[in-house]
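Everything below concerns the one structure shown next.
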There are 2 protein chains.
Amino acid sequence: MDVSDPRSWSLGRLLSTAARQVEQEWNEWLATHGLTHAGLLALHALSDGPMTQRQLAAASRVEEQTMSRVVERLQRMGHVTRDRDERDRRRVLVRRTPLGDAVVEAIEGSTFSDELVGRRLVDPEMFRAELVRLLTQPDGGRPDVS
Amino acid sequence: MDVSDPRSWSLGRLLSTAARQVEQEWNEWLATHGLTHAGLLALHALSDGPMTQRQLAAASRVEEQTMSRVVERLQRMGHVTRDRDERDRRRVLVRRTPLGDAVVEAIEGSTFSDELVGRRLVDPEMFRAELVRLLTQPDGGRPDVS
DNA sequence: CGCTATTACTAAGCATGCTGAGTAACATAC
DNA sequence: GTATGTTACTCAGCATGCTTAGTAATAGCG
C-alpha cells in the first residue's frame, strides 16, 4: 500500500491534511487584508457587538490563552479595540473598529470561503452535515484502546 | 444568525474546527505512546523502509523545515535514528528503531484513528471520498476576488 | 580543475494550538 | 471586614505550521 496515496489514509489524517491545505489557501487570500484565519473567526464572532475575550474564545472554540494573542494581533493591526469593562475590571471588552467592519464585510461579500471548498466536492451539503455531526456529537469514549 | 452555531459556519471554518477537535482527541491518545499527531504521520511513512527527510516531508505534505523538527523530536524520543547517507552526505537517512516499530504496530493494530471519526458520521465512505477530492483536485484559481 | 548551480538540510522569526502557572478583581463566607 | 474561593486574563513553554535566509555537499559546465 502506497503511504503517499491519500486514498489509503485514515479519516483523521485526511481530515487534518485537507484542513491544513484549505487553511493555507484561505490564509493567502486573507493576508491581502492583513488577516489570518484565526483572526477572521474572532472578527466574525464580533458581528453581533462587543464581547469579552472569554466569550470570543468560546465562540472560536479555542482556549482563552490562544484568543488572548489573536486579539492582541487584531488590535495591533487596527481591526479591534480592547477596553477594560468598567463594571467588572477583570473583563476585557473587544470591539471591532470601522476598519474591522470593512474587512469583514469585504470578505463576507465574497463567496470565496465557501467556494474554495464546496466547488471541489460532489455533494457539499452532505459534507457540511457530516462536519456538523463531528463537531456536535460528543466524543463518547475511546474504542479499542488495548 | 447565531455565530456560535456550527450550522451557520462556512465549509472552510467547519473543516478546520473539526480537524482541530479530532487532532486534539487523537493527540491525547497518542501521548500515551510518547507521540504527537505529526510524529505518527512520519513514523507511518517509514513503514516501507528508511527515507530521507525530504521524502518524508513530501509524504506528510509539510515543508522540509517542519519535518526537520518533527524528526528531531522523534529521534529525541527514541523512535527513529538519523544517519548521514554515506553516498550523498547532504542527505539524512531516517530509520525507525525497534521502539518506533512497536509503537506504530500498537497504534495501527487499534482501529482508533478511523473509528474516532467514522463512527460519528452517517456515511464515512462518502465523507472519505470528498476529502480525497479536496486533496487531489487542484486549486484552480480563486473565484470572486473583487 | 575550478566556478556556478542545484540539492538537502538547518536556523530564525512569526502565527497558531495546547498546558500549567501566576495575578488582579470580584464574590462569598464566616 | 478579613479570609477564601472563583473568574478573567496574561505569561511562559512546547509542538506544529509557514516563510525567508543561510550552509554544506554534490553536480555540471567551461
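Note: hydrogens, waters and symmetry copies are ignored here, and every other heavy atom, side chains too, is used. Throughout, protein chains are lettered first and strands after them, A, B, ... in sequence-line order, and every chain is numbered starting at 1. Treat the numbers as computed from the prediction; the structure is a model and nothing was measured.
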Strand contacts (DNA chain C) in residues 71-78 of chain B, 4.0 angstrom heavy-atom criterion | none

Using only heavy-atom distances, decide whether a donor-acceptor pair under 3.5 angstrom links the side-chain of A:Arg61 to the base of C:dG17.
-> no

Of the non-hydrogen atoms in A:Ala18 and B:Leu134, which two are nearest, and what is the gap between them?
-> CB-CD1, 4.3 Å

Minimum-distance nucleotide (side-chain atoms of A:Val62 versus D:dT16, C:dC18, D:dT10) = C:dC18

Residues at least two apart in sequence or cross-chain that pass side-chain contact (heavy atoms from CB on, under 4.5 Å) with B:Asp101, listed by chain then number, are B:Arg96

Establish, with yes or no, whether the OP1 or OP2 oxygen of C:dG17 is under 4.0 angstrom from a side-chain nitrogen or oxygen of A:Thr66.
-> no

Tell me: CD of B:Glu28 to C1' of C:dT19, nearest whole Å?
-> 11 Å

Tell me, do B:Arg95 and B:Leu93 make a side-chain contact under 4.5 Å, heavy atoms counted?
-> yes

Quick note, side-chain hydrogen bond (donor to acceptor under 3.5 Å, both in side chains) partners involving residues 57-71 of chain A, not counting sequence neighbours, are A:Arg54-A:Glu64

Could you check how far CD of A:Glu63 sits from C1' of D:dG13, rounded to whole Å?
-> 16 Å

For A:Glu130, what residues pass the side-chain contact (heavy atoms from CB on, under 4.5 Å) criterion, not counting sequence neighbours?
-> A:Met126, A:Arg133, B:Leu121, B:Val122, B:Asp123, B:Phe127

From D:dC9, D:dT16, C:dT10, nucleotide with atom closest to A:Arg84 side chain | D:dC9

Considering non-hydrogen atoms only, spot the tightest contact between B:Met51 and B:Leu56 and give its length.
-> SD-CD1, 3.7 Å

Separation of C:dA8 atom C1' from B:Leu93 atom CG, nearest Å, is 12 Å

B:Met67 has an atom CE; how far is it from atom P of C:dA11, in whole Å?
-> 17 Å

Under a 4.5 Å cut-off applied to non-hydrogen side-chain atoms, are B:Thr17 and B:Pro6 in contact?
-> no

Candidate nucleotides D:dT16, C:dC9, D:dC9, ranked by approach to the side chain of B:Val70 - the nearest = D:dT16

Does atom CZ of B:Arg7 have more than 12 heavy-atom neighbours, drawn from other residues, nucleotides or ligands, at distances under 6.0 Å?
-> no

Residue list, side-chain contact (heavy atoms from CB on, under 4.5 Å) with A:Arg87, at least two apart or on another chain | A:Asp85

Can a donor-acceptor pair be found between the side chains of B:Ser16 and A:His37 at a distance below 3.5 Å?
-> yes

Over how many whole Å does the gap from B:Gln53 atom CD to C:dT7 atom C1' extend?
-> 14 Å

Rounding to a whole Å, what distance do you find between A:Asn27:CG and D:dT16:P?
-> 20 Å

If you find the nucleotide of DNA chain C closest to A:Arg69 and the one closest to B:Thr52, which residue's nucleotide is nearer the 5' end?
-> B:Thr52

When the distance from CH2 of A:Trp26 to P of C:dT16 is rounded to whole Å, what number comes out?
-> 13 Å

Distances under 3.5 Å between protein N/O atoms and the N/O atoms of nucleotides 21-29 of chain C, please, pair by pair.
{"residue": "C:dC26", "atom": "OP1", "partner": "A:Arg89", "partner atom": "N", "Å": "3.0"}

Hey, does A:Thr36 reach any base, or is it just sugar-phosphate, or nothing, if we go heavy atoms under 4.0 Å?
-> sugar-phosphate

Nearest to the side chain of A:Arg91 - C:dT16, D:dA8, C:dC9?
-> D:dA8

Toward the 5' end of DNA chain C, by each residue's nearest nucleotide, B:Gln24 or B:Gln55 | B:Gln55

Where the side chain of B:Arg20 is defined as all heavy atoms beyond and including C-beta, which of D:dA8, D:dT16, C:dG17 is the nearest nucleotide?
-> C:dG17

D:dT10 phosphate, OP1 or OP2: any side-chain N/O from A:Arg82 under 4.0 angstrom?
-> yes

Expressed in angstrom and rounded to an integer, what is the separation of B:Leu43 atom CG from D:dT16 atom P?
-> 11 Å

